[in-house]
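The structure under discussion appears below in the form of structure tokens.
A note on names: the letters A, B, ... follow the listed sequences, proteins ahead of strands, and every chain is numbered from 1.
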Amino acid sequence: MNEESLVDLIGPQAEDPNRLIAQRHAKLARLRAQGPAFPNDFRRDALAGELHNRYDTLEKDVLERRAIPVRLAGRLMSRRIMGKASFAHLQDMSGRIQIFVQREGIGEEAYEFFKRELDLGDILGVSGRLFKTKTGELSVRCEQVRLLVKSLRPLPEKFHGLADTETCYRQRYLDLIVNPETRALFQMRSAIVRFVRQYLDARGYLEVETPMMQAIPGGAVARPFITHHNALDMPLFLRIAPELYLKRLVVGGFEKVYELNRNFRNEGLSTRHNPEFTMLEFYEAYADYQDLMDMTEDLLRQLALAVLGTTQISYQGQTYDLARPFARLSVREALVRFNPQLDSDDLDKPEQLRAFLERCGIKTQGDWGIGKLQYELFEQTVEERLLEPTFVTAYPTEVSPLARRNDQDPQVTDRFELFIGGREIANGFSELNDPEDQAERFRAQAAAKAAGDPEAMYYDADYIRALEYGLPPTAGEGIGIDRLVMLFTDSPSIRDVLLFPHLRPESKPSG
RNA sequence: GCGCCCUUAGCUCAGUAGGUAGAGCAUCUGACUUUUAAUCAGGUGGUCGCUGGUUCGAGUCCAGCAGGGCGCACCA
């Protein structure tokens, strides 16, 4: 092409510093000159993946005889031009299929257009008939090829794909176009979420939606995001958990409820933390934490079978078999087992326990009670070593402000956490439904907040009022969906399982 | 917030000892009617993240900044 006509056609865009983009702008300008450049009148009647499923096994000559007509649309992902015939691959939501374009088949003018004006990344609509090449690949012998959308930016390389992690996160659409593993991962995520919903629905649970914007953030120990409602001129908090609302619904008579949606916590980012993340919480009346452990074990087993086809899951080089019964042990047992130097009697002696923590290099605070000390020691010395699926039970009441006290030992709660691969996957407990006990624990939390702990809970008077009407004996549980997906997709970072993970803003979009 | 590492063509990556920028793919020109990382011949393409410093000379050495990755801390 000559440079004069290029500037005439498209003006300043011809000066795009990127020559590849400028060339495509020029092609689009020529297209505009001939009519609507972004048509929306092409209709397809087939998908690449479905055609493979149906016809890959059909004999070459049978396929040739039947001459099955198809209309397909998709993105041009590869192209091999050999004189008067060309092969290319179209990619749609279901996969890829090869198209065969001949001058003989679509006419001289259309073939020249195909050779001259199309680029990788363009979106095409084609019609033709199915056939198999001499190497046996199911393909479409095109009778028509239409350009539906001109792609103005070149795609990443066809062979290596897109490898730059930052670009994958910032421009996930590109990652999805060129990296089939990324597509597969997010399809897997969707399958996991779908299965979880079906599992709970089949057991009579009601899916509900409770407020994401709360006047009093509750249900977890974490810092909230704060926003402001203009008309009401009041602060609102993005929820850190739906827990207190879900239990209000159990008070209201929805005896099995769940919510699977986003929580927001104003804390650091890491390979395991994103400011917004997806949590499943479910509550069942007339059940206890033991019932939930059994159910969780079954859920994960069924889930693995459904989405992976096996109970064996591989995570970062380790294999775990979910078919084997999950280990169960108490916080106390775990502390003793993983801290052989620890005298188990010292677990109940604040001074000795604090000294032990300090010897382990764990910084303690003066207002920590025995429960907090035990919990910190557990987090620092046990959690990451719980590789095989393990339920840990009997968490200290001091660190479990919403959980029911154990009848034999009120210093601990009827609570469990599930660990797999050293990561917390689930947290559940028999719910505290004694309104007076709950009010007392809220007061302790509110005191801690007043004393400067930004993560301590607020006193939620309406929640206490709800409990005063009577919360049935109930068990509830939260499962971090992102971490579950990480586990099931062998992903080392939470960003790999979030379509659009949180990143600092780009200084200026480029490329 | 702290520590370590990374940033070179549209993409994937090289870049020696400080001496003025390379490959493959993509793109452009030409050849080619069953290719599939098509092939063959020829060409274009760079603010080496940004700013400053050292030096006769910096992609390379130093400092600051930005973005990213990993770890720590906080947390799920």
Side-chain angles (χ1 to χ4, degrees), chain A residues 1 16-24 26-27 60 77-89 96-105 111 115-116 119-121 131-137 139 141 151-171 174 177-179 219-223 240-241 263-281 361-363 379-380 383 417-419 423-427 453-455 478-484 486 492-495 501 503-508 510-511:
Chain A
M1 81 191 56
D16 192 304
N18 186 322
R19 185 176 42 93
L20 301 175
I21 294 176
Q23 283 164 356
R24 291 176 179 228
K27 289 175 178 174
K60 184 175 178 354
M77 296 304 292
S78 70
R79 192 168 52 149
R80 297 171 292 284
I81 297 174
M82 301 160 303
K84 299 179 182 64
S86 302
F87 287 94
H89 276 99
R96 281 187 189 190
I97 193 164
Q98 180 168 260
I99 61 172
F100 183 48
V101 183
Q102 280 172 296
R103 193 174 73 174
E104 228 169 65
Y111 190 69
K115 283 207 304 187
R116 302 273 161 203
D119 292 291
L120 296 185
F131 78 109
K132 277 192 175 174
T133 63
K134 67 180 184 187
T135 57
E137 178 169 349
S139 307
R141 183 179 285 114
S151 172
L152 293 174
R153 289 175 178 269
L155 291 178
E157 203 215 3
K158 61 185 174 184
F159 187 57
H160 296 94
L162 182 63
D164 182 70
T165 50
E166 183 175 354
T167 309
C168 286
Y169 295 155
R170 284 196 198 280
Q171 296 177 256
L174 258 192
I177 289 171
V178 300
N179 292 328
V221 177
R223 293 191 200 203
I240 53 175
N263 288 347
F264 308 86
R265 297 190 186 174
N266 202 343
E267 279 152 4
L269 286 75
S270 80
T271 50
R272 290 181 292 281
H273 301 89
N274 196 65
E276 51 181 305
F277 62 101
T278 301
M279 181 79 111
L280 165 69
E281 284 201 15
I362 302 168
K363 293 195 190 77
E379 286 197 320
Q380 299 290 327
E383 278 195 9
E417 290 190 338
L418 171 63
F419 295 88
R423 308 261 175 105
E424 182 191 334
I425 298 295
N427 175 22
D453 181 352
E455 290 172 352
I479 297 180
I481 295 297
D482 310 292
R483 291 185 179 178
L484 188 66
M486 286 170 69
S493 171
I494 195 170
R495 295 180 205 102
L503 298 176
R504 284 192 178 84
E506 249 178 310
S507 49
K508 91 178 159 63
S510 63

*Using purine N1 to pyrimidine N3 plus N6-O4 or O6-N4 for Watson-Crick, or N1-O2 and O6-N3 for G-U wobble, each under 3.5 Å, what pairs with B:G45?*
none
*Is there a Watson-Crick or G-U wobble partner for B:G59 with both distances under 3.5 Å, and if so, which one is it?*
none
_I want to check something: taking the side chain as every heavy atom from C-beta on, are A:Leu120 and A:Pro154 in contact at a cut-off of under 4.5 Å?_
no
*Rounded distance [0.5 Å steps], CD in A:Glu379 versus CD1 in A:Ile362*: 9.5 Å
*In the strands shown, is B:C25 matched to any nucleotide by a Watson-Crick or G-U wobble pair with both distances under 3.5 Å, and which?*
B:G10
*asked:* Can you work out whether A:Lys132 or A:Glu455 has the more 5'-proximal nearest nucleotide on RNA chain B?
replied: A:Lys132
*What about A:Gln102, does its side chain sit under 3.5 Å from the base of B:U33 through a donor-acceptor pair?*
yes
_Students often get this wrong, so: under 4.0 angstrom with heavy atoms, is A:Arg223 touching a base, only sugar-phosphate, or nothing?_
nothing
*With RNA chain B as reference, determine whether A:Ala220 or A:Glu157 sits nearer its 5' end, using the nearest nucleotide of each.*
A:Glu157
_Please report the distance separating the C1' of B:C2 from the corresponding atom of B:A73, rounded so that it comes out in whole Å._
8 Å
*asked:* Just to be sure I understand the rule, does A:Ala163 reach a base, reach only the sugar-phosphate, or reach nothing, if contact means heavy atoms closer than 4.0 Å?
replied: sugar-phosphate
*With rounding to whole Å, what would you report as the distance between B:G18 and B:U60 at their C1' atoms?*
6 Å
*Could a donor-acceptor pair under 3.5 angstrom be found where the side chain of A:Gln98 meets the base of B:U35?*
yes
*asked:* What's the gap between B:C32 and B:U20 when it is taken at their C1' atoms, as a whole Å value?
replied: 41 Å
*Contacts of A:Phe264 that satisfy ring pair (Phe, Tyr, Trp, His ring centres under 6.0 Å) - sequence neighbours left out*: none
*Given B:U39, is OP1 or OP2 found less than 4.0 Å from the side-chain N or O atoms of A:Arg80?*
no
*Would you mind pulling out the nucleotide paired to B:C74, Watson-Crick or G-U wobble, both distances under 3.5 Å?*
none
_Taking the P atom in each of B:G59 and B:A9, what is the distance between them to the nearest angstrom?_
14 Å
*Is there a side-chain polar atom (N or O) of A:Lys84 under 4.0 Å from OP1 or OP2 of B:U35?*
no
_Interatomic distance where CG belongs to A:Leu503 and C1' belongs to B:G67 [whole Å]_ = 9 Å
_Heavy atoms only, 4.0 Å cut-off, all strands: where does A:Ser139 land among base, sugar-phosphate and nothing?_
nothing
*How far does the C1' atom of B:G10 sit from the matching atom of B:C48, given to the nearest Å?*
16 Å
*asked:* Students often get this wrong, so: under 4.0 angstrom with heavy atoms, is A:Gly268 touching a base, only sugar-phosphate, or nothing?
replied: base
*Considering only side-chain heavy atoms of A:Glu267, which listed nucleotide, B:C28, B:G68, B:A76, is closest?*
B:A76
*Which heavy atom of A:Leu155 sits nearest a heavy atom of A:Gly121, and at what distance?*
CD1-CA, 3.6 Å
*In terms of side-chain heavy atoms of A:Gln23, which of B:U35, B:C28, B:C11 is nearest?*
B:C28
_Give me the distance, rounded to whole Å, that separates B:A14 from B:G45 when you measure between the P atoms they each carry._
24 Å
*Across all strands, who's sitting opposite B:C4 as a Watson-Crick or G-U wobble pair, both distances under 3.5 Å?*
B:G69
*P-based separation of B:C6 from B:G53 [nearest Å]*: 24 Å
*Rounded to whole angstrom, note down the P distance from B:C4 over to B:A58.*
27 Å
*Would A:Phe87 pass as stacked on B:A38, i.e. its ring centre under 5.5 Å from the base's six-membered ring centre and planes under 30° apart?*
no
*Do the side-chain N or O atoms of A:Arg272 get closer than 4.0 angstrom to the phosphate oxygens (OP1, OP2) of B:A76?*
no
_Heavy-atom check, side chain of A:Thr278 versus side chain of A:Asp482, under 4.5 Å_ = yes
*asked:* Heavy atoms only, 4.0 Å cut-off, all strands: where does A:Arg24 land among base, sugar-phosphate and nothing?
replied: nothing
*What is the pairing partner of B:U39, taking Watson-Crick or G-U wobble pairs with both distances under 3.5 Å in any strand?*
B:A31
*If pairing requires Watson-Crick or G-U wobble contacts with both distances under 3.5 Å, which nucleotide is the partner of B:U20?*
none
